[in-house]
Amino acid sequence: THAKCGGSWRNSVYHITAAEGLVDVITGGADETFEYVGCYIDAATRTMNSGNDADGNTEGAFGSLGALASPHMCADMCAGFGYFGLQNANQCFCGNEYASGGEADDGDCNMACSSDNTVMCGGSWRNSVYQITGEVDLDVLQTAVTYSYVGCYIDDSSRDIAASQTNMGQQASPRLCAELCVGYTYYGLQAGVE
């Protein structure tokens with residue numbers, strides 16, 4: 001069976017259990033381990049709300065992982081929570097509860113993750129839900145990317161750094177942004193969440 005990552009308005013819930021075989025790109029800190037729970041119905045009030053009262057599509061209700069969406073990336077974004085859910089191919093939800101909307105048919109989580117078409121990332125108002133089960137030191141993993149601060153630079157609407165943009169929501173950090181931007185030479189953080 002394929003891992004599920006939610007869908008449009010659906011979270012696939014997973015439990016993070018181990019990171020063997022997963023390549024991470026950051027040294028230092030820790031990497032989350034997880035385990036798939038199931039496909040669950042989401043609602044406008046959001047069954048997983050990233051630890052705040054945001055609902056619907058308002059800022060803070062979830063983080064958009066864009067073209068790099070995967071259970072591994074969402075797990076790292078949701079470190080500190082018990083569960084995470086993926087929905088609509090690239091949305092990442094964090095929470096300590098996930099089932100208030102009820103369980104959905106597993107087939108409802110039918111949208112492939114934008115970074116891997118063999119893994120489902122939820123569906124329409126469906127979450128592929130995972131449980132976070134622990135963490136492992138990143139330096140035991142295969143690939144290491146380090147980063148250093150360059151300085152503060154002006155941006156404008158034409159975007160000085162023109163590649164993909166990701167709203168990391170409440171979980172924004174230089175480490176997570178570095179992981180999202182592997183393959184580029186530079187990355188920038190802006191507005192607290194992007």
Side-chain angles (χ1 to χ4, degrees), residues 3-6 10-38 40 42-43 45-66 68-88 90-101 113 115 119 121-122 127-141 143-147 166-182 187 189-194:
K4 307 293 183 189
C5 290
R10 296 298 184 270
N11 288 327
S12 297
V13 178
Y14 291 73
H15 179 198
I16 300 179
T17 55
E20 287 81 3
L22 295 177
V23 176
D24 210 307
V25 294
I26 306 300
T27 57
D31 192 35
E32 305 311 299
T33 59
F34 53 91
E35 177 179 279
Y36 181 63
V37 174
Y40 286 80
D42 199 8
T45 54
R46 296 299 184 187
T47 60
M48 303 175 78
N49 63 13
S50 298
N52 57 50
D53 294 328
D55 61 14
N57 291 318
T58 58
E59 184 175 340
F62 58 87
S64 174
L65 298 178
L68 299 173
S70 71
H72 187 205
M73 188 64 68
C74 189
D76 284 351
M77 181 178 275
C78 293
F81 291 92
Y83 300 90
F84 66 91
L86 290 137
Q87 183 175 140
N88 206 35
N90 63 28
Q91 296 171 342
C92 175
F93 295 83
C94 311
N96 292 315
E97 298 178 358
Y98 60 86
S100 61
C113 297
S115 73
V119 179
C121 276
N127 286 326
S128 294
V129 180
Y130 293 75
Q131 182 179 3
I132 296 175
T133 57
E135 59 184 32
V136 294
D137 291 340
L138 288 181
D139 58 8
V140 306
L141 299 176
T143 304
V145 170
T146 57
Y147 52 92
T166 297
N167 182 341
M168 294 176 287
Q170 301 296 311
Q171 310 308 313
S173 71
R175 185 193 68 77
L176 182 60
C177 191
E179 186 166 331
L180 287 165
C181 292
V182 166
Y187 69 90
L189 292 127
Q190 185 176 131
V193 297
E194 299 175 334

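Just so it is clear, the structure is predicted and the values come from calculations on it, not from any experiment. Computation of the quantities below employed the complete heavy-atom set of this structure, encompassing side-chain atoms and omitting hydrogens, waters and symmetry-equivalent molecules.
Taking the six-membered ring for Trp and thresholds of 30 and 60 degrees, F62 and F93 have ring planes inclined between 30 and 60 degrees apart.
On the SG-SG cut-off of under 2.5 Å, C78 and C94 qualify.
Across all their heavy atoms, C113 and P71 have their closest contact at SG-CD, 4.1 Å. Considering every non-hydrogen atom in both A54 and N49, the closest pair reads O-CB, 3.9 Å. When all heavy atoms are compared, the tightest approach of Y83 to E97 is CD1-N, 4.4 Å.
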Starting from the C-alpha separation in whole Å, work towards a yes-or-no answer on side-chain contact (heavy atoms from CB on, under 4.5 Å) for R46 and D53. CA-CA 9 Å; R46 296 299 184 187; D53 294 328; over 6 Å; no

Derivation of the side-chain contact (heavy atoms from CB on, under 4.5 Å) call for M77 and F84: CA-CA 9 Å; M77 181 178 275; F84 66 91; over 6 Å; no

Between V119 and S70, does a side-chain contact (heavy atoms from CB on, under 4.5 Å) hold up when you go through it step by step? CA-CA 8 Å; V119 179; S70 71; over 6 Å; no

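Atom SG of C74 is separated from atom CD1 of I132 by 8.0 Å, given to the nearest 0.5 angstrom. Note: N52 CG to T58 OG1 = 7.5 Å, rounded to the nearest 0.5 Å. In this structure, CG in N90 is found 12.5 Å from CE in M73, a value given to the nearest 0.5 Å. For the atom pair CG of N57 and OG of S64, the computed distance is 10.5 Å after rounding to the nearest 0.5 Å.
When atom types are taken as modelled, the side chain of D42 and the backbone of T47 share a donor-acceptor pair closer than 3.5 angstrom.
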